[in-house]
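Written out below as structure tokens is the structure these notes cover.
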Amino acid sequence: QVHLVESGGGLVQAGGSLRLSCVASGRTFSSYAMAWFRQAPGKEREFVAYASWSGRNTYYADSVKGRFTISRDNAKNTVYLQMNSLKPEDTAVYYCAADSIATMRPGAYGYWGQGTQVTVSS
């Protein structure tokens, strides 16, 4: 069982930066792949980035590649999403997710956080 809690969301101007954090409970955090997804009002949840259990393998959606960076600190049971050069279209609720395999498919993740709101003003 894994319990996930996100933080770090907020209101930022276009071009600004935010760092999201997701803290996981449980002793097996280091064995899980971790991912970030986002969902804007009226839209489906979409993949943002994932990191393998070690953090050595990462993958990004084309829309955030070069601007966002996913990383993890297994000693702190925490995964991060550094978001730079934010755009208004990045506005969404951001969720972290965990499961045994790193994938872009949200249905493959069994554990989800409650989400944190990111709003980018133009």
Side-chain angles (χ1 to χ4, degrees):
Q1 191 75 12
V2 177
H3 182 60
L4 306 173
V5 179
E6 302 99 332
S7 62
L11 173 64
V12 64
Q13 288 189 329
S17 298
L18 283 174
R19 188 176 81 155
L20 306 183
S21 300
C22 173
V23 179
S25 65
R27 294 176 293 175
T28 58
F29 172 78
S30 61
S31 67
Y32 285 95
M34 298 296 298
W36 287 95
F37 290 82
R38 67 186 182 186
Q39 189 166 18
K43 295 188 177 182
E44 294 186 352
R45 192 167 297 189
E46 66 171 350
F47 168 77
V48 175
Y50 69 58
S52 62
W53 66 270
S54 66
R56 285 197 291 268
N57 296 320
T58 58
Y59 190 76
Y60 298 90
D62 287 343
S63 58
V64 306
K65 200 172 295 183
R67 300 187 298 122
F68 291 11
T69 303
I70 187 171
S71 61
R72 62 190 294 165
D73 185 339
N74 287 344
K76 296 182 178 180
N77 279 14
T78 303
V79 62
Y80 304 97
L81 186 69
Q82 178 66 44
M83 305 186 295
N84 298 330
S85 302
L86 282 161
K87 304 175 181 179
E89 51 263 44
D90 294 318
T91 295
V93 177
Y94 284 70
Y95 299 89
C96 68
D99 217 296
S100 57
I101 298 175
T103 173
M104 296 171 57
R105 296 184 295 112
Y109 289 88
Y111 302 103
W112 292 85
Q114 84 289 348
T116 185
Q117 176 71 47
V118 171
T119 303
V120 184
S121 63
S122 56

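Numbering of residues begins at 1 and proceeds along the displayed sequence. Because the structure is predicted, anything quoted here is derived from the model rather than measured.
Here the CG atom belonging to Asp73 is positioned 11.0 Å from the OG atom belonging to Ser30, to the nearest 0.5 angstrom. The OH atom of Tyr80 sits 14.0 Å away from atom OG1 of Thr69, with the distance rounded to the nearest 0.5 Å. Rounding to the nearest 0.5 Å places CD of Gln82 at 9.0 Å from CG of Leu20. Of the inter-residue distances, the one linking Ser122 atom OG with Gln13 atom CD reads 9.5 Å to the nearest 0.5 angstrom. To the nearest 0.5 Å, atom CG of residue Asn74 and atom NZ of residue Lys76 are 12.0 Å apart. Atom CE in Met34 sits 11.5 Å away from atom OG in Ser71 (nearest 0.5 Å).
Nearest heavy-atom pair across Ala51 and Thr58 is CB-CG2, 4.1 Å. Minimum interatomic distance between Gly8 and Leu18 (heavy atoms only, all atoms of both residues): O-CD2, 3.8 Å. When all heavy atoms of Val48 and Val64 are compared, the pair lying nearest together is O-CG2, 3.6 Å. Nearest heavy atoms, Leu4 versus Cys22: CB-SG, 3.9 Å. Looking at every heavy atom in both residues, Pro88 comes nearest to Ala14 through CD-CB, 4.1 Å.
Side-chain atoms of Gln39 do not come within 3.5 Å of backbone N or O of Ala92 as any donor-acceptor pair. Put simply, the side chain of Tyr60 gets close to the backbone of Ile70: a donor and an acceptor are under 3.5 Å apart. When atom types are taken as modelled, the side chain of Glu6 and the backbone of Gly115 share a donor-acceptor pair closer than 3.5 angstrom. No side-chain donor-acceptor contact under 3.5 Å links Asp99 to the backbone of Ala35.
Between Phe37 and Phe47, the ring planes lie perpendicular to each other; the angle is over 60°, past the 30° to 60° tilted range. Relative orientation of the Tyr94 and Phe68 rings is tilted, given thresholds of 30° and 60° on the angle between their planes.
Looking only at side-chain heavy atoms (C-beta outward), Val2 and Phe29 stay at 4.5 Å or farther from each other. Leu11 is not listed as a side-chain neighbour of Gln117, based on a closest heavy-atom distance of 4.5 Å or more. Looking at Tyr109 and Thr103, their side chains come closer than 4.5 Å, going by heavy atoms from C-beta outward. The shortest distance between side-chain heavy atoms of Asn57 and Tyr50 does not fall below 4.5 Å. You'll find the side chain of Met83 stays beyond 4.5 Å of the side chain of Arg67, heavy atoms only. Contact of the Asp90 side chain with the Arg38 side chain is registered, since non-hydrogen atoms from C-beta on lie closer than 4.5 Å.
Hydrophobic clustering of Ile, Leu, Val, Met, Phe, Trp and Tyr side chains at less than 4.5 Å, counting indirect connections, unites Leu81 with Tyr111. No continuous path of ILVMFWY side-chain contacts below 4.5 Å connects Val93 to Trp36, so the two sit in separate hydrophobic clusters.
Judged by the 6.0 Å and 45° rule, Arg72 forms no cation-pi pair with Tyr32.
Surrounding CH2 of Trp53 are at most 12 heavy atoms belonging to other residues, nucleotides or ligands under 6.0 Å away.
Under a 4.0 Å N-O distance rule, the pair Asp62/Lys65 qualifies as a salt bridge.
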